[in-house]
Participant: 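I have a structure here, written as structure tokens, and I will follow up with some questions on it.
Everything numeric here is computed off the predicted structure, so don't read it as measured data. Just so we're on the same page: letters track the sequence lines, and every chain starts at 1.
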2 protein chains.
Amino acid sequence: MDKSILKKVNLFSDLNDDELEKIYSHSTIKKFNKGEMIFFETEPYNGFYIVIEGSVKIFKISKDGREHVIHFIFPTNTFAEAPLFEQYDKIIREEFTYPANSMALEDDTKLILIRSDVFYGILEKNKNISLKMLSGLSKKLRHLNNHIDSISQGVSKGLAIYLLKELEKSGNKDKNIIELQISKHDLASYIGTIDETLSRCLKKFQENKVISVKGKTIHILQKSVLEKTVKL
Amino acid sequence: MDKSILKKVNLFSDLNDDELEKIYSHSTIKKFNKGEMIFFETEPYNGFYIVIEGSVKIFKISKDGREHVIHFIFPTNTFAEAPLFEQYDKIIREEFTYPANSMALEDDTKLILIRSDVFYGILEKNKNISLKMLSGLSKKLRHLNNHIDSISQGVSKGLAIYLLKELEKSGNKDKNIIELQISKHDLASYIGTIDETLSRCLKKFQENKVISVKGKTIHILQKSVLEKTVKL
DNA sequence: GAGTGACTTTGACTTAAGTCAATCTGAAAA
DNA sequence: TTTTCAGATTGACTTAAGTCAAAGTCACTC
């Protein structure tokens, strides 16, 4: 694997090559195929992950089997790092569990597992890394704030919000094209609904010439209508 | 005001009296009456708060006016601390906003405002405080994870989850009595619904002899039924 | 190029929850 | 004690979204 990926990980951006090398040598590379579970929320916590290639979803499963996606994670981003700071003693004794479930979304998804004890070692010698962590967690917190808000406003709004955010991320300001990074099933469960309802909602937008959908490619025809949908 | 409250603030538990004194002398005490806004999410960020007395809700307002409560904050707890770590430069120039709205829930709610620059000063000299912060943010993150899950499962489940959590918090294992800390309106908006629906749901539980409600006092008559409701 | 299987769409139906408007309750004020 | 008013409840109704079952689409394999 290419070690240079570690340099692109925000969390490690202040570390020098020696330190990165140390992390690399103490960590484990793991590979997953599409649909494979990375961890369950019932499982003892033993460290956090960095996505190298592919993508991952973090989700809860309700007792009736429905799943609720909380985050999608893409390369250079970390996940499951928050438990490290909740109960130091319990983490060490592996008496703490993961906060949710996670699954690989693509074949050949490559992850680095940083074990708790390895991370605590890094932290000892690089106190500044805690600021990076704070920055990362703060962003996730803000994201969840917004997410909670958006799912409690119904499917159309939730979808409109998602589409607009994706459009902004893509940066293709002129083209008004989104390439979905995730399956429609995962999108549905992310915006807090089920496949059928998402399908109908996409159809409704298409009938009104607001968007056009072809597989995972979505053309935004009338951005203004989406914005209006969000605002009521 | 009694400075000793600062000692009870988890975030400051490692600081000595001198440092606490310094924080105290550099911070502002603010008082609010019930229903008064502490900050809006449109407002430039200038620091975070500690609740001394009373209580506070953190919430989003959707464009149609409905509100969605994300957190309730009680004495010795902090709120609005996450933005400090998101964009240092923007925070300094006050070009960053609060992540949500907040309102006092009781008359004579007393808060301490710690301005961003004051906090950065503390952080400089007490790197360990960042670990306390991480711990606090991690807990909020876990809370939000669970909250997202619970609101997307319908009102009955959401209510059952809330009641069981409150029962656990109260510690009165024998008594099976909950004293609601918040209004029914705020409870409704916390579990993602409206006053009428909450009212009907409470009624339904009462008709089935699962709970009995008298003002803000709720007797849990059949904990097992609530647990069953959560599990489907 | 037919066949398999996962993903997606559609239709008919049921159910949960929101809306609007009216009424009730109980604590504080006069 | 009566008045007042915010908070809470109820009823009748509408609407959004979930359920179930069937059929369609598309990319692979054989």
Side-chain angles (χ1 to χ4, degrees), chain A residues 33-36 57 62-69 103-107 150-162 180-208 211-218 229 232, chain B residues 33-36 57 62-69 103-108 150-160 162 180-208 211-218 229 232:
Chain A
N33 281 323
K34 190 175 185 172
E36 287 181 338
K57 69 177 171 188
S62 51
K63 293 296 143 62
D64 58 338
R66 257 179 82 184
E67 62 174 54
H68 301 279
V69 176
M103 182 189 278
L105 295 177
E106 298 169 47
D107 282 340
S150 93
I151 58 174
S152 50
Q153 319 218 352
V155 178
S156 302
K157 278 196 198 180
L159 178 57
I161 290 171
Y162 182 82
L180 285 186
Q181 307 289 331
I182 54 176
S183 76
K184 295 217 176 116
H185 169 73
D186 288 330
L187 174 53
S189 112
Y190 181 66
I191 62 178
T193 189
I194 55 173
D195 300 9
E196 295 94 320
T197 302
L198 170 61
S199 179
R200 283 184 244 270
C201 194
L202 284 169
K203 194 188 175 193
K204 199 186 67 196
F205 279 143
Q206 284 185 90
E207 284 169 354
N208 297 331
I211 61 175
S212 87
V213 183
K214 172 91 181 161
K216 291 198 169 187
T217 309
I218 300 180
T229 305
L232 200 167
Chain B
N33 281 322
K34 192 177 182 170
E36 287 181 339
K57 69 176 172 189
S62 51
K63 292 296 144 57
D64 59 338
R66 256 178 83 185
E67 61 174 54
H68 300 279
V69 176
M103 182 188 280
L105 294 178
E106 298 170 45
D107 283 341
D108 289 315
S150 93
I151 59 176
S152 51
Q153 318 218 352
V155 177
S156 302
K157 278 197 200 182
L159 178 56
Y162 181 83
L180 285 185
Q181 307 289 331
I182 53 176
S183 73
K184 294 214 177 120
H185 169 72
D186 287 330
L187 174 54
S189 111
Y190 180 67
I191 62 177
T193 187
I194 56 174
D195 299 9
E196 294 94 322
T197 302
L198 171 60
S199 180
R200 282 185 244 268
C201 195
L202 284 169
K203 193 187 175 192
K204 199 186 64 196
F205 279 144
Q206 284 186 88
E207 284 169 353
N208 297 332
I211 61 175
S212 87
V213 183
K214 170 89 181 166
K216 291 199 168 184
T217 309
I218 300 180
T229 305
L232 198 163

Participant: Is the closest basic N to carboxylate O distance between A:Lys57 and A:Asp186 below 4.0 Å?
Facilitator: yes

Participant: A side-chain contact here means heavy atoms from C-beta on lying under 4.5 Å apart; do B:Tyr190 and B:Leu198 qualify?
Facilitator: no

Participant: Taking for each residue the nucleotide of DNA chain D with the nearest heavy atom, is it A:Gln153 or A:Lys214 whose nucleotide lies nearer the 5' end?
Facilitator: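 In this pair, the answer is A:Gln153.
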
Participant: Can you give me the closest heavy-atom contact between B:Val69 and B:Ser189, atom names plus distance?
Facilitator: CG2-OG, 2.9 Å

Participant: Is the distance from OP1 or OP2 of D:dA6 to the nearest side-chain N or O of B:Lys34 less than 4.0 Å?
Facilitator: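 No.
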
Participant: Between atom NE2 in B:His185 and atom P in D:dT9, what is the gap in whole Å?
Facilitator: 14 Å

Participant: Once you round to the nearest 0.5 Å, how far does CD1 of A:Ile151 lie from CD1 of B:Ile151?
Facilitator: 4.0 Å

Participant: For a 4.5 angstrom cut-off between non-hydrogen side-chain atoms, does B:Gln181 reach B:Glu106?
Facilitator: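 Counting from C-beta outward, B:Gln181 and B:Glu106 never come under 4.5 Å.
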
Participant: May I ask you to decide if A:Asn33's main-chain N or O and A:Asp107's side chain share a donor-acceptor pair within less than 3.5 Å?
Facilitator: no

Participant: Expressed in angstrom and rounded to an integer, what is the separation of A:Asp107 atom CG from D:dC28 atom P?
Facilitator: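 Result: 11 Å.
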
Participant: For chain A and DNA chain C, what are the first and last nucleotides along the strand, 5' to 3', with at least one atom under 4.0 angstrom from a heavy atom of the protein chain?
Facilitator: C:dT8 to C:dA12

Participant: Between atom CZ in B:Arg200 and atom P in D:dT9, what is the gap in whole Å?
Facilitator: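 Rounded to whole Å, this separation is 11 Å.
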
Participant: B:His68 vs A:Ser152, test: side chain to side chain donor-acceptor pair (under 3.5 Å). Steps then yes/no.
Facilitator: CA-CA 8 Å; B:His68 300 279; A:Ser152 50; 3.2 Å; yes

Participant: Show me the donor-acceptor pairs within less than 3.5 Å that the side chains of residues 201-208 of chain B make with the rest of the protein, sequence neighbours left out.
Facilitator:
unit_1	atom_1	unit_2	atom_2	d
B:Lys204	NZ	B:Ser156	OG	2.8
B:Gln206	OE1	B:Val213	N	3.2
B:Asn208	ND2	B:Lys204	O	3.3

Participant: Counting only heavy atoms not in A:Lys216, do more than 12 sit closer than 6.0 Å to its NZ atom?
Facilitator: yes

Participant: Scan residues 186-196 of chain B against DNA chain D and write down, sorted by residue number, each residue with any heavy atom closer than 4.0 Å; if none is found, say none.
Facilitator: B:Glu196

Participant: Report the distance from atom NZ of A:Lys216 to atom C1' of D:dC26, rounded to the nearest whole Å.
Facilitator: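 My rounded result for the distance is 13 Å.
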
Participant: Could you give the NZ-to-P distance, from B:Lys204 to D:dT10, as a whole number of Å?
Facilitator: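 In whole Å, D:dT10 P and B:Lys204 NZ are 14 Å from each other.
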
Participant: Select from A:Arg66 and B:Val213 the residue whose nearest nucleotide in DNA chain D is closer to the 5' end of that strand.
Facilitator: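 Looking at DNA chain D, the more 5' nearest nucleotide goes with B:Val213.
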
